[in-house]
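This report concerns only the one structure given below.
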Amino acid sequence: MGIEAIKSHESNAKHRGLAAVAVAAAPIQSFLQPSTLSSALGESQSHASSSTTELSITATSAASNLGVFNDDARTRAEILWVLKIIDSNYSFNSSECVPLLLQSMFPDSEVAKNFSCSESRARYMATFGLAPYLLELLMEKVKDDCFVLLFDESLNKKVQQKQLDIYLHFWNGNEVQSRYFTSIFMGHARAVDIEEDLKKGIESLQKANLLQLSMDGPNVNWKVFEDLQNEIQLENGKNLLNVGSCGLHVIHGAFRSAMSETGWDIETLLTSAYRLFKDSPARREDFSSISTNHLFPLKFVVHRWVENVRVLERFLEVLPDLRKYTMFVMEKKLSDPHTTSFDTVKSGCQDLYAEAKLNFALTLAKQVQPSLTKYQSDSPLLPFLVSNLLEMLKSIISKFLTAEFAAQLKTCTQLSKVDLRDRSHHKQVDLGFSAEMYLQSAEFRKMKISDKDVLGIRISAKAALITFTEKVLEISPMRYPLARSISCLDPHFIAQSPDAYYKEVLQQFEHFMRSVLSSELLQFKPGQDRLDIFLHDKMCTPYPKLWMAVRMALLLSHGQATIERGFSVNKEVVIENQQTKSLIARRLIKDHIIQAGGILQVSITKQMMISVRNARSRYSQYLADKKECEVKERAQMKRKAELDAIEELRMKTKRLKSDIDALHISVKKYAEKCETTGDLTYIAKSNSLRRTADEKEEELKKIAIKWLLGFDTSEGFLCALCPGSHLGHHVVTYKVEVGNNLSRDHSKTCPADILLPNWFLGRTAALDVSITSPLNPVIFLEAEDLATAGAQATESRKHQANDP
């Protein structure tokens, strides 16, 4: 209800009747105090009067408060709509008719009636209202605490620039969070470029609180780490903690290297099978006509970590149909695609060992996938990473090492010191259950395959397993002491080995290991429970000093899964012709919505509404600043163009002078020859060269005038830039009169300083020069001689006239 509803109720007959009864009735206080009827009535009338006044004041106050409430309700509704736009990846243009739509849907709603959220309003509310508030909220959480910086870049096809996304890993209450912070758009991605952009992105944060730099493993990123490490060491005397690059990238890279080591080229086969039927309805129809299950190969993407298993399983499922399809094509029962993809698929289908090779790859992928899937989380999982990698490698080396020897390799150090290529500890490689069953099947034996060929498959498979293990040991976090040491925070490790490492840890940690019941520790489930919350509840209060160390250890990042998922978010929120500022705002808001658990879970505070209401003024200021920058940029470009033009004139003058000098030498030479030989042809050549020299001198005169006077007409006054050889650029202002019959003394009261007989379109110009800065005398004298302008004499005449 609004103020109009209150006024309407006040004029209602029923309300006026009840008000009259209230005025006539005695207040309850009159029955509690001794008084006469007249005094009671008097008091009643007095009280009624005061009550009416109080009612009026209350109603006015309520109406005022109601007006504020309506404004807040409208702002809240607009904020919710903007959040909906961003959460559902709508364009801001989708807000165009929403106010009218809501008014039609809810005609009796004051909020809908006042709702105003057009396309432009929605844009600046998000970019200059919500985004700054949420960024300030995020910075407030990170301001005085340690944090980990995660970064990675990828191509933004819409913007056509590389987008460097920056995330922060920090403590929020009793848990660790990973939040999007900002993005930097760049062209080159060299180490120096990335470092400068990173420092620009986090300039509002305290660099001294940076604990770790989480990144991928390319050399350029390690160069960034090294340079930033040195800078922080010089400024704050601290070192960044180092647990290696992203462990997930390492595992995926090791898997690719293992498949490449076999030489089977499985990636090309899987990619070609998908491309063969992509965007080709005719081929899909042909394949479906002979297929038993109407399934098609899945898309294989080399950088998509957790989907290799599904792609391999689907390919094995459709392999019989693919063979039938290629056979029908060769028999000309189906049309030939005539593509490279078909040739690759045909070659793969003709491979008698295709099932064995693909099943081996599938077995290895299934062993790798759990580690890749488990660490797609923002919760602190570094304490589990090394032990999980060690268990994974143990299961892999058991496929080609003897059981006795493999059992001796219990730690990362022991495994890293072993020469895995030493055949003295090798056994026949295990290709996996499915591959082994295929090699022993009756169908395979009917092909009469030689044992030598089967041995070649086993040798290639063993080389793949060795390569995978070596790559993981070489560059994974397993090789870093800090990553191995943090494994002691695994609750299961503490419960199973209470006496193993207590001498190497702090006294409080020893007490914690002995005092906490093993049953409590064993109740922890790594896949379901969060380690940060679990240890916070166990350590924070009873072991404050220990908790400070554990807190920093849990903050360390185990990989780049968060930032890699952000690349998918970028593709969802980006639209055509989108400004980078708008994209960053959408990313910030969407990240906040995800963290809150949905639009309706976002806390719309008074501060947020104030920020949104100030969005328009921020937007106006932004446009003003942008316009000012554009004006400065245009001025700089104009200045550069002028300097370039002057430089061009300078170089042209130099060339002309050189040509004139050479022509004069030739003129003199031919004249002397004519005088010596008496041959008049030399005189003709000399005169021809002299005329050429005169033409060049005339051209030089014009350039000298341009050099002296860089014309920029404005209301009859001109500004000239005169480049001097030592004094730079000097300003001359002058007044110009243009006519056909002007002379130097065209006016007795205003004699001309410089006369240009052919200034523009053959018309004469008389210039009255006032020198406002020192001119290079050499240039001035050259201009005087070339233009027949008595500038120096005129200036002397002026000085004499001014002297008493």
Closer than 3.5 angstrom, by distance alone: can the side chain of [X] be matched with the main-chain N or O of [Y] as a donor-acceptor pair?
{"X": "Gln601", "Y": "Ala596", "answer": "no"}
{"X": "Asp216", "Y": "Pro218", "answer": "no"}
{"X": "Arg530", "Y": "Val176", "answer": "yes"}
{"X": "Asp591", "Y": "Arg587", "answer": "no"}
{"X": "Lys427", "Y": "Ser398", "answer": "yes"}
{"X": "His558", "Y": "Phe384", "answer": "no"}
{"X": "Arg314", "Y": "Pro297", "answer": "no"}
{"X": "Trp171", "Y": "Arg551", "answer": "yes"}
{"X": "Gln212", "Y": "Val148", "answer": "no"}
{"X": "Ser395", "Y": "Met392", "answer": "yes"}

Any side-chain heavy atom of [X] sitting closer than 4.5 Å to one from [Y]?
{"X": "Arg179", "Y": "Phe170", "answer": "yes"}
{"X": "Met139", "Y": "Phe181", "answer": "yes"}
{"X": "Ser183", "Y": "Leu583", "answer": "no"}
{"X": "Val243", "Y": "Leu385", "answer": "no"}
{"X": "Phe300", "Y": "Ile266", "answer": "no"}
{"X": "Phe400", "Y": "Ile466", "answer": "yes"}
{"X": "Asn239", "Y": "Ile232", "answer": "no"}
{"X": "Glu564", "Y": "His249", "answer": "yes"}

Supply the atom-to-atom distance Lys471 NZ to Glu261 CD, rounded to the nearest 0.5 angstrom.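 One gets 9.5 Å once the value is rounded to the nearest 0.5 Å.
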Look at atom [atom1] of [X] and say whether more than 12 heavy atoms of other residues, nucleotides or ligands are closer to it than 6.0 Å.
{"X": "Lys410", "atom1": "NZ", "result": "no"}
{"X": "Arg421", "atom1": "CZ", "result": "yes"}
{"X": "Lys399", "atom1": "NZ", "result": "yes"}

Could you check whether [X] pairs with [Y] (Lys NZ or Arg NE/NH1/NH2 to Asp/Glu carboxylate O, under 4.0 Å)?
{"X": "Asp197", "Y": "Lys162", "value": "no"}
{"X": "Asp378", "Y": "Arg565", "value": "yes"}
{"X": "Lys143", "Y": "Glu140", "value": "yes"}
{"X": "Arg458", "Y": "Glu436", "value": "yes"}
{"X": "Asp227", "Y": "Lys223", "value": "yes"}

Step-by-step side-chain contact (heavy atoms from CB on, under 4.5 Å) determination, Leu465 to Leu364: CA-CA 8 Å; Leu465 296 175; Leu364 182 58; 4.1 Å; yes
Among Phe147, Phe151, Tyr180, which residue satisfies the side chain to side chain contact (heavy atoms under 4.5 Å, CB included) criterion with Tyr167?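 Only one of Phe147, Phe151, Tyr180 forms a side chain to side chain contact (heavy atoms under 4.5 Å, CB included) with Tyr167, namely Tyr180.
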Walk me through whether Leu83 and Ile589 qualify under side-chain contact (heavy atoms from CB on, under 4.5 Å). CA-CA 7 Å; Leu83 293 177; Ile589 298 169; 3.6 Å; yes
